[in-house]
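We number each residue from 1, following the sequence as shown. A quick note: this is a predicted structure, and the numbers were derived from the prediction, not measured.
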Amino acid sequence: LVFLRDRGGLALAFGLPPLMFVIFAALFGASTRGELDLRIATFDAVGSAQSAALLAALAERQQDRLVQLDSLAAVDDRVLSGRADVGIVIQGPLGGADVPVVLVVSPGRPIAVPVAQGLVQAVAANIQAADRQAAGPGPDGPPPAPPLTVQRSVGQSVDAESTYYAGAVSILFLLFNAVHVALAGL
């Protein structure tokens, strides 16, 4: 009976767990559904029809989360300042001897690399398949695909994971403290 009179205890027992669940579900729910909304900065150093098609297909998939810039320095600046999660620089033709796409990444966003690689590879595979269909069947079939992307880091390497978790734990303790102070006045 005393427990039912303790408003603070009731709030902590029945109000805080659902609140924490909703907060963490909102934070981590997008990544489990595969809805990582990367902000991408792009630069086309080649200026060919194939690179324009690659950028157009990326823009179609990313919608308003892709910005096309006019220099490599601008891409580096966007990624370094955090206004873009990853940069995509097209520096050669698809299927050429050199690696055609450079991913500009920040060490603080390691998950952006595999997501951007998958996006570029999917779009490039569609473009290359369309190019092969237009050219007709070859005598030996399609040539083996060379590596499509290479990554280049900008900024200082930090232990971003530890920093993130330290900040998350600090915010959690601040939330508990705020709840405790608010309920102490009841």
Side-chain angles (χ1 to χ4, degrees), residues 22-131 145-172 174-175:
V22 168
I23 290 172
F24 283 111
L27 289 175
F28 299 114
S31 63
T32 59
R33 290 187 305 268
E35 296 175 10
L36 293 176
D37 295 332
L38 289 181
R39 294 167 300 173
I40 299 176
T42 62
F43 171 58
D44 184 4
V46 177
S48 68
Q50 193 179 45
S51 64
L54 180 66
L55 285 179
L58 286 171
E60 182 181 323
R61 281 198 172 193
Q62 288 300 107
Q63 296 160 359
D64 61 342
R65 297 179 311 272
L66 184 133
V67 61
Q68 295 183 17
L69 302 171
D70 57 353
S71 71
L72 179 61
V75 172
D76 288 349
D77 181 53
R78 284 264 177 152
V79 172
L80 192 57
S81 67
R83 292 179 290 161
D85 297 313
V86 66
I88 296 176
V89 178
I90 302 173
Q91 67 178 13
L94 297 176
D98 294 331
V99 178
V101 178
V102 175
L103 298 178
V104 180
V105 297
S106 171
R109 292 183 174 85
I111 194 67
V113 174
V115 173
Q117 279 177 335
L119 180 65
V120 169
Q121 287 174 350
V123 168
N126 290 339
I127 291 172
Q128 288 174 326
D131 288 348
L148 186 63
T149 61
V150 66
Q151 66 185 50
R152 181 176 62 85
S153 293
V154 293
Q156 295 179 350
S157 179
V158 295
D159 188 9
E161 197 170 305
S162 296
T163 304
Y164 172 78
Y165 286 117
V169 168
S170 299
I171 294 296
L172 189 64
L174 286 173
L175 177 67

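Listed by chain and number, the residues in a salt bridge (charged side-chain N to carboxylate O under 4.0 Å, His left out) with Arg61 amount to none (sequence neighbours excluded). For Ala45, the side-chain contact (heavy atoms from CB on, under 4.5 Å) criterion is met by Phe43, not counting sequence neighbours. Partners of Ala57 by side-chain contact (heavy atoms from CB on, under 4.5 Å), not counting sequence neighbours, listed by chain and number: Val123. Residues passing the side-chain hydrogen bond (donor to acceptor under 3.5 Å, both in side chains) test with Ser48, sequence neighbours excluded: Ser51.
Taking all atoms of both residues into account, the shortest heavy-atom contact from Ala116 to Leu103 is CB-CD2, 4.2 Å.
Note that the OG atom of Ser106 and the CG atom of Asp76 stand 11.0 Å from one another [nearest 0.5 Å]. Within the model, atoms CG of Asp77 and CG of Leu69 stand 9.0 Å from one another, a figure rounded to the nearest 0.5 Å.
Applying the salt bridge (Lys or Arg N to Asp or Glu O under 4.0 Å) test to residues at least two apart or on different chains, the pairs with a partner in residues 39-51 are Arg39-Asp85.
Side-chain contact between Val101 and Gln117: absent, with no pair of heavy atoms (C-beta onward) separated by less than 4.5 Å. Inter-residue side-chain proximity for Thr42 and Ile90 is flagged as unmet; no heavy-atom pair is nearer than 4.5 Å.
Of the residues Val104, Ile40, Val86, the one that meets the side chain to side chain contact (heavy atoms under 4.5 Å, CB included) test with Val79 is Val104.
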**OP:** Would you please test Leu38 and Leu119 for side chain to side chain contact (heavy atoms under 4.5 Å, CB included) and show each step?
**Re:** CA-CA 10 Å; Leu38 289 181; Leu119 180 65; 5.9 Å; no
